[in-house]
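Computed over heavy atoms, backbone and side chain alike; hydrogens, waters and symmetry mates excluded.
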Amino acid sequence: MRIRYNHKVNKLLPMPSLYFPSCRHVISVCVVLALALSCAGCSFLKGGKEPVNSQPISLTPVIWFSPSVTTAEMPYLDGCGETRSVALADALVASVPKTLTEVFTGVTTQSQTDETIASDGVIEVGVGLRRIELTVPKQAQGTYPATATIGIEMVFLARDGALLFSKKLEGTGRGTVTVGEPSCQVAGMEAIVQDAMDSATNSLAQQIMQSAQIREYAAQRATWAPMAARPRPSAVTSTTEAVTSLPAAVETAAQPLPVASTAPAVPAQLRFRAIIRDENQDQFLQSDESFTIEIEVKNEGMGEAKDVTITAEGKAELAALFPSEVQIGSLQSGEIKRTSITQRVTASQEHLHGELTLNLRTTSPVVSVPPPKIFNFGVKPRVIDAALIPDVDNMPNSLAAFDQPKAVIISIGVGTFLEGEVPAVKYARHDAEVMAEYLRIIGGVPGERIRILLDRQALVRDLEDTFERWLRKKVDRETVVYVFFAGRALVEGGTGAISLVPYDGTLTGAKQLYSLVRLQEVLYRLPIRRAILMFDVSMDPSPGTALADIPSPAWESSVSEARKDVEMWMVGNRDLQEAHAYDEGKHGLFTYHLLRGLQGAADVDRDGTVIAGELCTYARGQAARVAREQFANKHDALCFPGVGRGGMVRIHPVARGNNPKPVPVQKQPNPPADSPGTNLMQIGP
């Protein structure tokens with residue numbers, strides 16, 4: 001694996017504070033602790049390690065493994081930079097029943113496709129987050145630290161389908177792996193993955209053992225009716241047949257027939273949304289690539305929705321990648337259910353393309369049928385000559401600097417998140433590192449005027465401190481502020497308002513987010529000369545809102561319009577979609593072309609200077625071209641103020657040009673007056 005590192009990148013890390021208690025203080029604490037333990041007695045020490053209720057639960061449930069388990073793998077890169085994976089299915093199928101036998105008096109394993117058998121309930125097991133953190137220098141033998149993280153979900157359903165328990169937990173395994181020089185094979189990874197798996201399953205088993213609902217359910221076991229006496233759901237008996245099979249009149253009086261209610265059923269109102277994320281986030285399904293479909297269904301009506309399912313339809317080869325039906329189950333009024341399924345594309349399915357349609361079905365009456373969700377998939381060329389892609393990580397020697405000692409650089413890259421369910425953003429961290437170095441060299445900016453926030457350093461409080469306190473102390477009327485952000489953003493359903501997602505942010509609510517309006521207001525209050533803002537973000541809809549009901553993201557606002565001579569906004573993704581990861585360039589697609597433009601390629605008029613309008617126009621056009629040619633889909637970036645808006649910030653110089661004019665050629669005769677003229681690209685205000 002080739003690791004790129006630029007020692008010039010400034011990383012401003014806080015100095016850790018260490019506190020060493022005095023010897024007298026330590027002795028005092030030990031004396032107090034010894035007295036407390038002696039008062040509690042030996043029984044206290046023994047009982048502290050026991051669970052709240054250690055008696056096995058008197059149930060024999062069935063274990064169902066969801067499709068996310070049977071196809072689950074954990075990919076990583078070996079010592080040669082090749083992708084390897086650890087399969088989880090066999091290990092989970094073996095370890096989960098063994099762990100749950102300590103919780104219940106007995107468990108059995110059954111496929112969801114099998115006919116339902118008499119049991120005391122169902123435990124459904126699914127897999128979510130899967131991540132291996134391992135850095136191995138290419139073809140370097142030795143031992144290296146590795147960390148595996150697995151998210152496992154367990155759901156306990158009663159015999160009548162009632163939800164008694166639902167919990168998702170993450171387990172972490174740490175250790176060292178060994179890389180051999182001849183084969184580059186990584187040894188010891190399976191044991192670390194097993195530790196992560198055991199950590200999650202043991203914690204879930206403990207939660208189930210302490211569940212009051214499950215124990216109350218088990219305590220009523222003696223009152224349950226035998227399963228054989230229950231009518232099968234598929235057995236539909238007419239009224240006439242039911243009457244002819246009645247026992248004698250005396251028995252009928254002792255056990256009267258239930259009277260069917262004549263009241264009309266209250267309809268449900270269902271909404272659902274679905275997102276399909278492929279492994280490298282370029283919106284293409286390629287050979288040996290995994291993808292995940294996330295589904296959320298909400299019942300906004302007054303009635304119950306029963307037997308809710310999601311069906312997949314489309315081209316036969318494409319639809320075969322997805323389960324024909326995804327069982328959601330029953331939803332009470334106001335209830336929300338979410339599920340995710342991960343699959344892998346096989347080599348024989350490499351050239352899939354077409355549309356996939358997801359539909360919602362239910363056996364209950366509904367106010368209206370939700371519209372289907374339609375996804376388009378295309379074909380991406382598998383062979384691309386990487387030698388033809390310029391490496392933007394190498395600074396060109398001819399890149400001359402502007403002297404901007406009063407400039408301020410804020411570069412933020414959030415590629416991983418504290419909440420494991422938030423999808424990672426490939427190259428976000430690297431994008432921020434390299435962009436900060438470019439801007440530092442171009443402007444000759446001192447290190448104390450640069451702040452770089454990467455992943456764990458980019459908590460919401462760090463963004464608040466950087467924009468609202470640190471920045472205010474650095475600026476005056478001659479300051480040019482450069483802001484770069486790579487990561488995720490959330491779009492509000494009602495207004496289209498945008499919020500940046502920090503490392504500790506989530507996609508399930510408005511907490512721990514930093515709104516774009518808040519950033520605009522901060523800049524509006526600062527006495528600065530210019531502000532150049534660049535965003536390469538994946539746009540996610542707010543939870544619980546249908547995609548059709550979400551307006552376009554509100555990048556432009558009254559604040560930015562009033563500041564069109566001061567602020568230049570370069571937005572790589574103006575719509576609700578994932579930002580493209582440009583693997584050939586080792587950066588986000590929009591960021592890659594911003595860096596190429598800063599090298600001088602954006603100097604379209606070849607006057608020796610790259611101005612803000614040229615840079616954004618160049619990156620926008622190049623990103624759209626690559627997305628169209630290589631990804632066969634749309635990439636719509638945004639530059640504002642736009643051409644013709646009178647924004648003087650568009651002609652602000654941001655770099656020296658490195659795009660020399662061609663050798664002059666012999667002048668051709670003037671064309672006729674009625675011939676079409678050349679349409680030059682507009683880059684000025």
Side-chain angles (χ1 to χ4, degrees), residues 11-14 128-129 131 133 149 151 153 166-170 172 273 275 277 281 292 294 296 298 336 338 340 410-429 431-432 451-472 483-523 533-545 547 550 553-555 557 559 571 573 576-579 588:
K11 297 184 179 180
L12 306 181
L13 299 176
L129 170 71
R131 181 174 64 240
E133 298 176 11
T149 305
E153 178 181 12
S166 178
K167 180 73 77 173
K168 296 179 182 179
L169 290 178
E170 294 180 9
T172 302
R273 66 174 184 144
I275 299 176
R277 307 182 191 276
Q281 299 181 19
T292 300
E294 300 176 3
E296 176 185 281
K298 180 179 181 181
I336 300 176
R338 300 179 180 89
S340 64
I410 298 173
S411 190
I412 304 171
V414 188
T416 59
F417 299 87
L418 179 64
E419 176 61 51
E421 294 185 356
V422 180
V425 179
K426 197 173 185 179
Y427 301 123
R429 179 190 179 103
D431 286 349
R451 178 161 285 195
I452 305 172
L453 305 177
L454 306 174
D455 291 340
R456 295 177 182 273
Q457 304 162 357
L459 302 171
V460 66
R461 66 169 180 265
D462 297 319
L463 270 63
E464 294 170 346
D465 176 70
T466 298
F467 289 122
E468 300 171 20
R469 287 176 285 276
W470 180 83
L471 179 59
R472 185 174 63 246
V483 177
F484 176 82
F485 184 91
R488 288 198 170 275
L490 195 68
V491 182
E492 187 177 322
T495 63
I498 301 167
S499 295
L500 305 179
V501 182
Y503 174 76
D504 54 345
T506 67
L507 302 180
T508 58
K511 295 182 179 180
Q512 301 300 106
L513 302 178
Y514 194 85
S515 72
L516 201 67
V517 171
R518 188 172 176 179
L519 174 58
Q520 290 171 325
E521 291 174 348
V522 168
L523 294 174
L533 302 105
M534 296 166 278
F535 297 87
D536 193 353
V537 293
S538 293
M539 308 293 292
D540 290 281
S542 58
T545 306
L547 295 179
I550 296 181
W555 285 107
S557 69
V559 175
V571 179
N573 192 1
L576 278 172
Q577 69 177 61
E578 291 287 309

- Task: Any chance you could lay out the side chain to side chain contact (heavy atoms under 4.5 Å, CB included) test for Ile410 and Phe485, step after step, and finish with the verdict?
- Result: CA-CA 8 Å; Ile410 298 173; Phe485 184 91; over 6 Å; no

- With the side chain counted from C-beta on, respond yes when Leu533 and Leu519 share a heavy-atom pair under 4.5 Å apart, and no when they do not. yes

- Message: Checking side chain to side chain contact (heavy atoms under 4.5 Å, CB included) between Leu507 and each of Ser542, Pro423, Pro541, which is the one that passes?
- Response: Pro423

- Task: Could you tell me whether the side chain of Glu294 reaches within less than 4.5 Å of the side chain of Arg273, counting heavy atoms only?
- Result: no

- If you look at every heavy atom in Ala458 and Val414, which pair is closest and at what distance? CB-CG2, 3.7 Å

- Message: Just so I know, are the side chains of Leu513 and Pro502 near enough to count as touching, which here means a heavy-atom distance under 4.5 Å?
- Response: yes

- Message: Any heavy-atom pair between the side chains of Arg429 and Thr416 that's under 4.5 Å?
- Response: no

- Message: Measuring only between side-chain heavy atoms, which start at C-beta, is Asp455 closer than 4.5 Å to Phe417?
- Response: no

- Starting at CG of Leu516, measure out to CD of Glu521 and round the result to the nearest 0.5 Å. 10.5 Å

- Query: Less than 4.5 Å apart, any side-chain heavy atom of Asn573 and any of Phe535?
  - Reply: no

In a table with atom names and distances, give each donor-acceptor pair under 3.5 Å that connects a side chain of residues 460-467 to protein atoms at least two apart or in another chain.
residue	atom	partner	partner atom	Å
Asp462	OD2	Leu459	N	2.9
Glu464	OE2	Arg518	NH1	3.4
Glu464	OE2	Arg518	NH2	3.4
Asp465	OD1	Arg469	NE	3.2
Asp465	OD2	Arg451	NH1	2.9
Thr466	OG1	Arg451	NH1	3.3
Thr466	OG1	Asp462	O	2.8

- Query: Considering residues at least two apart in sequence or located in another chain, which fulfil the salt bridge (charged side-chain N to carboxylate O under 4.0 Å, His left out) criterion with Glu419?
  - Reply: none

- Task: Without swapping roles, check the side chain of Asp431 against the backbone of Gly588 for a donor-acceptor pair under 3.5 Å.
- Result: yes

- Task: Quick one: list whatever passes salt bridge (charged side-chain N to carboxylate O under 4.0 Å, His left out) with Glu153, sequence neighbours left out.
- Result: none

- Message: Measuring from atom CG of Leu490 to atom OG1 of Thr506, what distance do you get when rounded to the nearest 0.5 angstrom?
- Response: 8.0 Å

- Message: To check you understand the geometry: which heavy-atom pair defines the closest contact between Asp536 and Ala579, and what is its length?
- Response: OD1-CB, 3.7 Å

- Message: Keeping Ser411 on the side-chain end and Ala432 on the backbone end, is there a donor-acceptor pair under 3.5 Å?
- Response: yes

- Could you tell me which residues satisfy side-chain contact (heavy atoms from CB on, under 4.5 Å) with Thr149, sequence neighbours excluded, listed by chain and number? Leu129, Arg131, Thr147, Glu170, Thr172

- Check the side chains of Gln512 and Tyr503 for a donor-acceptor pair under 3.5 angstrom, ignoring hydrogens and angles. no

- Message: Restricting to salt bridge (charged side-chain N to carboxylate O under 4.0 Å, His left out), what partner residues turn up for Asp540, sequence neighbours left out?
- Response: Arg277, Arg488

- Task: Any chance you could measure Glu578, atom CD, to Met539, atom CE, to the nearest 0.5 Å?
- Result: 11.0 Å

